[in-house]
Amino acid sequence: MKKISIIIFLLGVFQISTFAQDDISPERKLAIDSLAMEKIRDLEKYIAIIGSKETPASEAQRVIERATELFMVDSEMGVSKLGSDKTTNYPVREYFQRLMALNYDKVTISWFNIQYISDLEKMPDGRWVGVITIYQRFEGTTKEGLKYKDTTKKDITVYVERKQTQISGRTIGFWDVLLGDVRVAETKK
Amino acid sequence: MRKFLLSILILLNTGLFVRAQVIGELLEDESVLYAETKQINQFFKRFNSEEDKDGNRLYEGDPGFHDNNLREVSLPMIFDRETSYFNKNIEKKFIADVTNKKNPVYLEFHGGEWFAEVVIYTLYYGRSAEAHLFLKLQEEEVGSKWVLSRVYFEPFNALFFDNPSGVDKFLHPMSHELDFMNLAKVFRDHSMVEYYAYDNYLPDYLSIFIYEMKMNHLKFEGVKKVKFHFFQVDQFYFMIEEYNRQGFNNGWLISKLEEIDEDEKNNLLNTIYHEGN
Amino acid sequence: MNLTVLKRFSKVLLIAILLAGTAGMTGCKKKKELAAAEAAAAAQLAEDIDKATEMLEGILSDNTLDNIEANEATLEMVKSMNLQDPGVLNLIIKAQEKLESDRVARAEILEAERLAEERRLAELEKANTNNVLNRQFAALTGEQDYEKSNNIINNILPMFASKDVPVLVIVSEENGMKDYDKPTTIEKYLNYLKDRKAYKAEVENIVYDESGKIKELELRKIN
């Protein structure tokens, strides 16, 4: 894995998903996939900022708000550690607060290039849902020089809905892409 | 000639889902991630040859799409090779069947016969207990959703048909002449009430589960394990589980494969559902 | 009647007879001269008519719009010749009409050129403003220091009518129908660029209010 510091520019091999039971053209699908991946990259960037000890507290707090806005209300992070079957669920905002409060002197969060996008499936409420899988490497160093490392697999729910709004008196159609529950599992990597 | 070419293909790619990159630490880390069957979605795609070795989606007309030659080579890689045992002949027959040129079998996400078994932690009257939830993908007018279809919960199971002497219990055929006054005796000893139900009565654990949840006697504590059972390939059953470990044989993999006929299928389903116990 | 009167009458009679004789001799000469003058005049007229006709036909056959003033001067000159020849008069009318329509055509062309130039200048200015914004957004993503980034944001915001000015990002377009990302505000967008450190779009369209501030910004996502 390329060790990427806080300034991250991801060049992913991004895998094109399809819509099952679809009624959207391939070009539009491509654009929506791209939009969904942008949200994931936004999240990755925000996590790096929140976790970094170099980020001023006020900025980290602001970014927590922005990161939380990526998610649907009531979204949770389900976290499990190696050696345990138990998963602990945290509301996303609380997860970010905990991340910010981690007791390390230095934190580096980076991502592997790979990402996997599932097909998008239609839900009974008409919205589309998919899952994007990414892998994150976390390294924390304490004041005493102790290092903690882990690699986690993140399966991130993505909801896509076509919406309309009024801007300056005209109707704008847009794709509302929101993240949902995230399964965070420590991997043996 | 074809076998030779396929061998070269295998040699060139150590594992078909390896992504060639720079050498060293980078190679192993990233390649392992590419090799991993990261999602059930990906399991379906790999089984059907609907994605390439980099995980890019293939469509009808793309080289490699539903390619049975490729499937022949790649299917063995989505079996758990580290902890599960597979009968070589059954495996060979299974792969030959699904990659059969005339009638290949592709897994269907929607409409195919497969379901999930989710083992959960619960607290039942304050005590820890595991429950098995069975879910299936139900097609709706718009979209689809997972629904609970059955439950197996040992504490419920222990309540029913646990007394051998119960089989001798019955309400005699003239009970109606006494306004069924003997029901009083039936319900006085409430531990055997189920023996007075109709023939082949089986308790619906799902309803009891829902009831106990509503009554707050039963609390959900977390998901322990998820498995998927497949009956989509005629005469075969297989199960998939998730493996979190180092190496290339990783992620969602086939952990069980059995050759079954119709009778065996029904028995197997009963076993999976813990019914008829 | 006395002799004096008679002598006087005879003198007058003689003078009258002499005058009559002279007069007879002068009339003939004049007639000749008249005829000659008339012939000359006729020849001149014919020449004038030919000349006028040639000039008028010259005006009518001029397919450029470059000589309108010169042609009008020529027309005035022909008119001042006061020729009554029906052919010439007809040509005068036609030339007048042609020159009128030439004027209109030239005015239209000039107006079209003026508008095109106006548009070109407007496009240039738009491109300049687009470029200015594009550069500023890119500068924001390149800045690592938070304080400096915030300063850049504070320099950009005054260009906008308010911090809540809508920013629309086109993510795809098909048959003229645009798909957007969720609309945001300029303040949020600038902070997004600051956090994300990547500007993967370009300015598509800017809408200004009466005071010259940007009241709506449309961007197009580039991959």
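Residue numbers begin at 1 in each chain, while the letters A, B, ... track the order of the sequences. Small disclaimer: the values here were computed from a predicted structure and weren't measured.
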Give the minimum heavy-atom separation between Ser144(B) and Pro124(A), together with the two atoms involved.
-> O-CD, 3.3 Å

Just checking heavy atoms, which of residues 217-230 of chain B are less than 4.5 Å from chain A?
-> Val223(B), Lys224(B)

Criterion side chain to side chain contact (heavy atoms under 4.5 Å, CB included) on Lys38(B) and Ile114(A), from CA distance to verdict = CA-CA 11 Å; Lys38(B) 296 168 274 295; Ile114(A) 187 175; 3.8 Å; yes

Quick one: what part of Phe44(B) sits under 4.5 Å from any heavy atom of chain A, side chain, backbone, both or neither?
-> neither

Assert top hit (heavy-atom pairs under 4.5 Å, partner chain B, pool Asp155(A), Val131(A), Asn89(A), Asp125(A)) equals Val131(A)

Looking at Glu242(B) and Lys153(A), does any basic side-chain N land under 4.0 Å from a carboxylate oxygen?
-> yes

Taking only residues at least two apart or on different chains, which pairs with a member in residues 65-79 of chain A satisfy salt bridge (charged side-chain N to carboxylate O under 4.0 Å, His left out)?
-> Glu65(A)-Arg93(A), Arg66(A)-Glu69(A)

Looking only at heavy atoms, what is the nearest atom pair of Glu30(B) and Asn113(A), with distance?
-> OE2-N, 3.1 Å

Non-hydrogen atoms of chain A under 4.5 Å away: do they reach the side chain of Glu141(B), the backbone, both or neither?
-> neither

Considering only heavy atoms, which portion of Ile132(A) lies under 4.5 Å from any heavy atom of chain B: side chain, backbone, both, or neither?
-> backbone

State whether the number of non-hydrogen atoms from other residues, nucleotides or ligands found under 6.0 Å of Arg127(B) atom CZ is greater than 12.
-> no

Working for side chain to side chain contact (heavy atoms under 4.5 Å, CB included), residues Tyr116(A) and Leu33(B) | CA-CA 10 Å; Tyr116(A) 187 81; Leu33(B) 299 180; over 6 Å; no

For atom NZ of Lys53(A), is the number of surrounding heavy atoms from other residues, nucleotides or ligands below 6.0 Å larger than 12?
-> yes

Count the heavy atoms belonging to other residues, nucleotides or ligands that lie under 6.0 Å from CD of Gln166(A), then report whether that count exceeds 12.
-> yes

So which heavy atom on Asn244(B) is nearest to which on Thr187(A), and how close?
-> OD1-CA, 3.4 Å

Does the pair Lys45(B)/Asp119(A) count as a salt bridge with the N-to-O cut at 4.0 Å?
-> yes

From the list Lys145(B), Gln39(B), Glu140(B), the residue making the most non-hydrogen contacts under 4.5 Å with chain A is Gln39(B)

dist Glu121(A):CD -> Phe109(B):CZ (nearest 0.5 Å) comes out at 4.5 Å

Please say whether more than 12 non-hydrogen atoms of neighbouring residues, nucleotides or ligands are located less than 6.0 Å from OH in Tyr148(A).
-> yes

